Amino acid sequence: MRRSLTIMLTLLSGYLFAQSPAFPADGLQLTWEVVENGYQGKAQTLSTFTLVNQSKQTFPASGWTIYYNFIRFVTPGEVAPGIEAGHINGHLYTFRPNASFKGIAPGDSVKISIVHVAWVTNFTDAPDGPYIVWDSRPAKGHALAYTVIPSTRSEQLRRTAADKHPQTTPEEVYKKNALISDIPLEKLPKIFPTALSVQDRPGELVLPAQATIGTHPDFLAEANFLADILGSRLGRPVKVLQDENQGTVRLVKHTHRYNGPGFYRLEVNESHVEIAGTYANGIFYGIQSLRQLIPPSGKPVLALTEISDVPRFGFRSLLLDVSRNFQPKRQIIRVLDLMALYKLNVLHLHMSDDEGWRVEIPGLPELTEVGGRRGHTVDERTALQPSYGSGPDINNTTGSGFYTKADYIDILRYAKARHITVIPEIEMPGHARAAIKAMDARCKNLAEAGKMAEAEEYRLSDPEDKSAYRSVQEWKDNVMNVALPSTYKFIEKVVDELAAMHREAGAPLDIIHMGGDETPAGVWEKSPVVRELMFREGLQYPDDLWYYFYDKVAKIVNSRGMQLYGWEEAGMRKTKRDGKPVMIANPDFGNRNFQLDVWNNVMGGGMEDLTYRLANGGYKVVLSGVSNYYFDMAYSKEYDEPGFYWGGYVDVDKPFYFIPFDLYKNAREDDQGNPLPPDIFSGKDRLTEYGRDNIVGIQGALWGETVKTPEQLEYLLLPKLLGMAERAWAASPAWAEEKDEKKATGLYNEAWSVFANVLGKKELPRLAALNGGYHYRIPPAGAVVQDGKVLANVQLPGLLIRYTINGKEPTAKSPVYTTPVAAGTVKLKVFDNAGRSGRTITVHP
Ligand code: TNX
């Protein structure tokens with residue numbers, strides 16, 4: 001009796017204690033600010049968290065852990081009297097009290113100062129998603145109220161003490177914008193991306209209210225697509241007739257002439273519109289051009305014209321990373337609509353990485369049930385740990401989410417109807433933690449259920465592996481084990497299930513992306529199964545495992561009739577020169593039809609010629625260089641601009657001014673935005689004619705670390721995507737071909753002006769009206785002070801600058817800037833015609 005009473009009391013007190021941690025989590029307030037970048041003269045930062053006890057109780061001296069995400073590695077150790085900083089894994093860090101911590105009295109606060117690598121120069125660099133966990137209830141996290149105090153002082157904004165130029169100024173923006181002239185709307189090209197040839201004639205065709213479409217039977221799907229668009233423009237249903245010789249718009253099949261994939265000819269004559277081509281994709285592009293010819297409102301009148309058009313590159317791709325932060329299906333659909341409008345034809349869906357697996361794979365439910373969710377967890381059996389500020393709650397929208405099989409098939413069908421191929425990516429062997437942890441959970445679940453044989457079936461990790469490594473994102477366990485047969489079984493299973501979904505959608509998978517980037521040094525070395533494999537296969541160095549792995553992966557993919565696509569490293573081999581590690585194009589894979597995304601062309605980074613080395617070496621190359629095409633790079637060096645900047649800043653002009661076959665010619669700045677040294681490209685490989693034929697296209701990449709909402713996605717994507725679309729579709733422009741440098745500069749400035757005007761006057765208004773409006777970036781105004789007056793300009797003519805002189809925020813009713821303003825304090829803000837606006841700048845003459 002006594003014994004059972006004791007047990008009952010113990011249980012009861014345990015229950016009470018566990019259910020009601022002594023202190024309310026909402027009684028805490030956390031702030032964070034940068035103290036100094038370049039701290040102690042090194043590439044490191046000192047920053048401070050302030051933990052305020054706003055409650056009426058004492059914050060306890062023990063029994064808690066605070067967790068937070070941060071994209072910089074934090075030095076562990078005591079960081080405040082009695083508080084220890086720790087690293088869990090990846091970008092998840094902790095603070096824990098040690099025996100000397102005294103707690104925090106009501107109203108008091110504690111300052112916690114941490115030192116971390118590199119620098120923090122914009123708001124999206126800051127720590128995110130802090131939460132507290134009580135020891136008494138270790139599986140439950142409570143989000144903390146948290147604010148980042150914006151950086152303003154030079155030592156907070158620079159990278160290091162040597163950084164002479166920490167922020168883009170309104171004067172610099174003004175100077176850059178000043179090269180752009182205002183071009184009247186009627187003088188702008190009608191078709192974007194620029195068409196190969198456009199010949200206008202005098203006269204016009206008014207689309208009648210009863211417009212019809214006549215089509216060759218091969219183009220029925222395209223005719224229906226057009227009928228929807230025309231119908232909503234004309235305000236009544238548009239009939240489709242299966243006769244290419246009838247109708248207001250005729251979709252005609254060319255059998256006698258073939259001008260390459262994607263070719264179309266569009267003629268507007270006095271009686272009708274004809275779009276002709278050999279293949280449906282050309283007809284579809286002709287339809288996109290026709291959309292641009294019809295004025296968005298008013299009388300549907302078309303000028304007479306004849307257009308011949310064909311894409312320069314067959315592979316015009318956008319990479320979307322939905323792993324780091326999830327994006328719902330409806331957002332993918334919005335992106336596909338954009339891609340269709342700008343004639344892009346590949347969506348590279350980066351659906352797996354360390355931080356999330358986003359597509360349901362029949363037969364492997366753990367991939368999405370565990371790998372598709374993030375939240376506070378003690379063992380990662382039901383979800384992955386938080387990343388990128390996704391926080392403790394498993395029902396958060398950034399870390400948790402995936403496409404069901406039905407969703408994925410919907411995406412594929414929607415894309416297919418728009419002549420867009422979806423290429424799924426399965427990241428491997430590195431960047432694979434979501435899959436690894438999901439398969440670990442599967443293994444444990446099955447083992448606990450006594451199903452020992454099944455437990456190991458798809459295992460990706462060797463439990464005996466003692467290798468110590470840290471990936472770029474600080475993961476200690478994110479690389480698949482290349483020696484386990486179950487790894488290959490997993491890969492086969494995923495490839496087969498993806499292929500089955502593609503078949504079901506009527507969009508066969510003939511190329512698949514098998515990852516390959518950034519495998520950290522030190523992996524596999526201490527895995528017993530790997531050692532055995534090396535012995536068996538006679539492999540000398542751990543680096544040889546790479547070749548072993550991709551050879552097997554290629555065989556899996558090729559035996560299913562698919563082409564292998566991967567990151568540049570998949571086609572490279574690590575070796576040493578003068579004792580230092582170097583990467584060379586792996587000659588063995590060069591003739592096996594591997595397609596590679598080449599990303600590493602950081603200007604000043606030493607790998608500027610890698611793209612050409614790989615193309616010259618026989619690889620099919622997609623130009624995916626960070627310096628021009630990573631859309632997750634911030635637009636400019638400003639605290640308030642979101643995004644990364646490790647590969648430089650990518651403003652609207654960078655995707656536009658890139659020269660695919662001579663990328664040195666138009667490279668202008670290094671990764672910090674400084675001018676490049678004159679000899680930077682001497683001794684670098686140039687593209688051979690053979691190599692040129694291996695350049696298959698261009699890809700813009702929107703990585704997801706800093707992208708947490710659809711609006712943020714659209715901000716980074718638009719309008720950068722348009723420069724990329726132009727470069728991928730349009731023929732090589734005169735400014736790229738011109739040998740005389742001065743002439744080339746003049747031609748470029750003209751072309752850039754045209755492009756900026758097309759964006760500001762045609763494309764942004766189009767995007768503001770499409771699908772309820774896209775959330776493109778509206779740039780801040782440029783401004784200088786001259787003779788006591790403020791002169792302002794804007795990057796994209798057509799946008800309006802509004803200003804105030806009373807110190808208040810400009811609104812959509814403030815006066816529009818037209819001539820220099822003389823006043824004490826001028827606030828300038830750019831607006832679009834839909835009333836949305838960008839950031840305010842303040843100038844004091
Ligand atoms: C590098 S370049 C990555 C990605 C990151 C991206 C962020 C490459 C293939 N990998 O894992 O998301 O930078 O900019």
Side-chain angles (χ1 to χ4, degrees), residues 69 71-72 90-91 118 121-122 124-125 317-327 348-358 387-390 398-399 423-435 470-475 478-479 513-520 546 550 565-572 583 594-603 605-608 610-611 614 619 621-635 641-650 654-655 671 698-708 712-713 716-717 720:
N69 285 134
I71 56 170
R72 302 283 186 259
H91 288 153
T121 71
N122 70 9
T124 51
D125 285 347
S317 172
L318 173 68
L319 173 149
L320 263 195
D321 166 16
V322 291
S323 169
R324 270 55 178 274
N325 285 301
F326 185 63
Q327 293 285 338
H348 171 173
L349 262 191
H350 187 84
M351 290 189 292
S352 71
D353 212 299
D354 300 322
E355 298 86 356
W357 182 284
R358 306 301 185 186
S387 283
Y388 306 113
S390 53
T398 58
I423 302 183
E425 176 178 355
I426 318 168
E427 263 283 24
M428 62 183 70
H431 280 287
R433 191 172 186 274
R470 280 222 315 262
S471 76
V472 179
Q473 285 80 11
E474 312 294 351
W475 295 107
N478 75 336
V479 185
H513 202 295
M514 306 299 269
D517 65 314
E518 299 179 326
T519 301
W546 187 256
Y550 269 101
Y565 184 15
W567 293 105
E568 62 195 27
E569 294 97 321
M572 294 170 76
M583 296 280 271
F594 272 34
Q595 179 165 304
L596 300 178
D597 283 319
V598 185
W599 58 270
N600 189 355
N601 70 341
V602 179
M603 291 296 148
M607 300 278 264
E608 296 85 350
L610 181 64
T611 315
L614 287 166
Y619 290 92
V621 163
V622 179
L623 304 168
S624 316
V626 59
S627 58
N628 300 72
Y629 291 117
Y630 268 28
F631 297 154
D632 58 317
M633 296 299 122
Y635 281 89
E641 277 297 339
F644 283 173
Y645 45 85
W646 64 267
Y649 296 88
V650 177
K654 276 208 182 160
D671 56 334
I698 300 185
Q699 172 169 271
L702 185 50
W703 295 97
E705 292 93 329
T706 60
V707 181
K708 297 183 187 173
Q712 290 169 4
L713 182 155
L716 284 171
L717 189 62
K720 292 189 222 207

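Whatever order the structure lists them in is the order used to number ligands and atoms, beginning at 1. Bear in mind the structure is a predicted one, so any value in this text is a computation, not a measurement.
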Taking the inter-plane angle between the rings of Trp646 and Tyr630 on a 0 to 90° scale, is it parallel (under 30°), tilted (30 to 60°) or perpendicular (over 60°)? perpendicular

Between Asn601 and Val626 (side chain of the first, backbone of the second, donor and acceptor by atom type, cut-off under 3.5 Å), is there such a pair? yes

Does any donor atom in the side chain of [X] or [Y] lie under 3.5 Å from an acceptor atom in the other side chain?
X: Asp125; Y: Tyr645; value: yes
X: Thr398; Y: Tyr388; value: no
X: Ser624; Y: Asp597; value: yes

Contact table ligand 1 N or O to protein N or O, d under 3.5 Å:
residue: ligand 1; atom: 10 (N); partner: Asp517; partner atom: OD2; Å: 2.8
residue: ligand 1; atom: 11 (O); partner: Arg324; partner atom: NH2; Å: 2.9
residue: ligand 1; atom: 12 (O); partner: Arg324; partner atom: NH1; Å: 2.7
residue: ligand 1; atom: 12 (O); partner: Glu705; partner atom: OE1; Å: 3.3
residue: ligand 1; atom: 12 (O); partner: Glu705; partner atom: OE2; Å: 2.6
residue: ligand 1; atom: 14 (O); partner: Asp632; partner atom: OD2; Å: 2.6
residue: ligand 1; atom: 14 (O); partner: Trp646; partner atom: NE1; Å: 2.9

Under the criterion side-chain hydrogen bond (donor to acceptor under 3.5 Å, both in side chains), I'd like the reasoning laid out for Glu355 against Trp475: C-alpha separation, chi angles, the key distance, then a yes or no. CA-CA 10 Å; Glu355 298 86 356; Trp475 295 107; 3.1 Å; yes

